[in-house]
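Single-structure report; data block below.
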2 protein chains.
Amino acid sequence: MDNSHDRPGVRDVTLAPADERAAADQADAFASVRNAHESEVAEDYVELIAELVDSNGEARPVDLAERLGVKPPTVTKNISRLVRNGLVRRERYRSIFLTEKGVALADACRRRHRIVVATLIALGVDSETAERDAEGIEHHVSDETLVAFEQFVTSRG
Amino acid sequence: MDNSHDRPGVRDVTLAPADERAAADQADAFASVRNAHESEVAEDYVELIAELVDSNGEARPVDLAERLGVKPPTVTKNISRLVRNGLVRRERYRSIFLTEKGVALADACRRRHRIVVATLIALGVDSETAERDAEGIEHHVSDETLVAFEQFVTSRG
DNA sequence: TATGAAATTTAGCCAAGGCTAACTCAAGGG
DNA sequence: CCCTTGAGTTAGCCTTGGCTAAATTTCATA
Ligand SMILES: [Mn+2]
Ligand SMILES: [Mn+2]
Ligand SMILES: [Mn+2]
Ligand SMILES: [Mn+2]
């Protein structure tokens, strides 16, 4: 299929690698998703810790576990990773608090969460479903897409 | 802390269970996300297998690996799970094909994928970013949200 | 202040989904 | 017809993030 006349200036040479390019782009997209997965737990935890600190003055593992729908040992294990990554501070058998880095991440996540929920609602999704879907969607919304969402929700009262 | 008797209006009766309700809803949302994660690989694989069969007449593990950005042994292992779940058919050292169940899932996933991409583009996201973000977002879009997306993209030419 | 309940952590299990190294198989060219 | 080469698989490793059971610690209160 010779379509070199379709795009003057673009030679057939581009055709063979076009497939490879597409494959590479697709691989990149999948890699991005896998990458996002690695940050998901961290993001949800710091977001939730920030919420609990705001409303309760502290974030207890037992409350995190209840809100996340997991068992306390799971929280302990995941918190250890957050400590390793410098996102939270912990004293044994006591509550958990965010480091500065953790606060920064939490703020960004909360903002993104709100914008995603607002966008879904603006698109006609009911608020319960919006909240539920947003919890997963948020982690895959790039900065650029977030800007588009923001534009959309603000540009309509 | 038993304050069940000093109730000047709403405070105690509604607040205590309201919190639990909110916590339970939140836990449900997180559980949904974890659940979606378990289907993600299956969805991406059958979607990709369908695409490869359409364009190449067959889906070879080596091509799946290239498109997914993973190594061949990873594909082999994941395909084994898909076989276990009745989504694909395989003869050793040969190509992979979808079962009826796999075709059904692939069709649904491809449709959803297209709608999510179209929605992002309609919201002003450029098509590369839309494609990239959609690869992750799609798995967290509920049926109801998908309907809203569909409405949105069709109701604007 | 002693004790028991609740919270937290530890230990040890599991499945998913990545990887590399090494092996097996299929197929085409010489 | 063999042999090389590339595709596919197997074996075995790792991390993540779930779980249960059991140990440990804190804290309220009797
Ligand atoms: Mn989330
Ligand atoms: Mn969130
Ligand atoms: Mn996907
Ligand atoms: Mn997809």
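Only a predicted model underlies this, so the values are computations on that prediction, with no experimental measurement involved. Here is how names work: the chains are called A, B, and so on, in the same order as the sequence lines, proteins then strands, and each is numbered from 1.
- One can place CD of A:Glu58 at 15 Å from P of D:dT26, the figure rounded to the nearest angstrom.
- Comment: B:Asp44 does not engage A:Arg34 in a salt bridge, judged by the lack of any side-chain N to carboxylate O separation of less than 4.0 angstrom.
- Taking NE2 of B:His113 as the start and SG of B:Cys109 as the end, the distance is 10.5 Å to the nearest 0.5 Å.
- Using a cutoff of 4.0 Å between basic side-chain nitrogens and carboxylate oxygens, B:Arg67 and B:Asp63 are not scored as salt-bridged.
- Taking atom CG of residue B:Leu68 and atom C1' of nucleotide D:dG8, one finds them 16 Å apart after rounding to whole Å.
- Spacing between atom NZ of B:Lys71 and atom C1' of D:dA7 amounts to 15 Å, rounded to whole angstrom units.
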At under 4.0 Å between heavy atoms, how does the protein contact nucleotides 8-16 of chain C? Give one character per nucleotide, 5' to 3', with B, S or -. BBB-BB--S
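- Using a cutoff of 4.0 Å between basic side-chain nitrogens and carboxylate oxygens, A:Asp107 and A:Arg111 are not scored as salt-bridged.
- For the residue pair A:His139 / A:Glu38, no side-chain donor-acceptor distance below 3.5 Å is found, with atom types taken as modelled.
- One N or O on the side chain of A:Ser55 and one on the backbone of A:Glu51 form a donor-acceptor pair closer than 3.5 Å.
- Contact annotation: B:Thr74 side-chain N/O to C:dC19 OP1/OP2 distance is under 4.0 Å.
- Nucleotide D:dT16 holds its C1' atom 15 Å from the CG atom of A:Asp44, rounded to whole Å.
- The heavy-atom pair separating A:Val125 from A:Ala130 by the smallest distance is CG1-N, 3.6 Å.
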Return one dot-bracket line describing DNA chain C 5' to 3' (Watson-Crick or G-U wobble pairs, both distances under 3.5 Å; ( ) same strand, [ ] crossing, | another strand, . none). ||||||||||||||||||||||||||||||
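- Formation of a donor-acceptor pair under 3.5 Å by the A:Asn85 side chain with backbone atoms of A:Leu87 is not found in this model.
- In this structure, A:Glu66 atom CD and C:dA6 atom P are separated by 15 Å, rounded to whole Å.
- Whole-Å rounding puts the A:Arg34 CZ to D:dT16 C1' distance at 15 Å.
- The aromatic rings of A:His37 and A:His140 sit perpendicular to each other, their planes meeting at more than 60°, with 30° as the lower class boundary.
- D:dG18 atom P lies 12 Å from atom CD1 of A:Ile79, rounded to whole Å.
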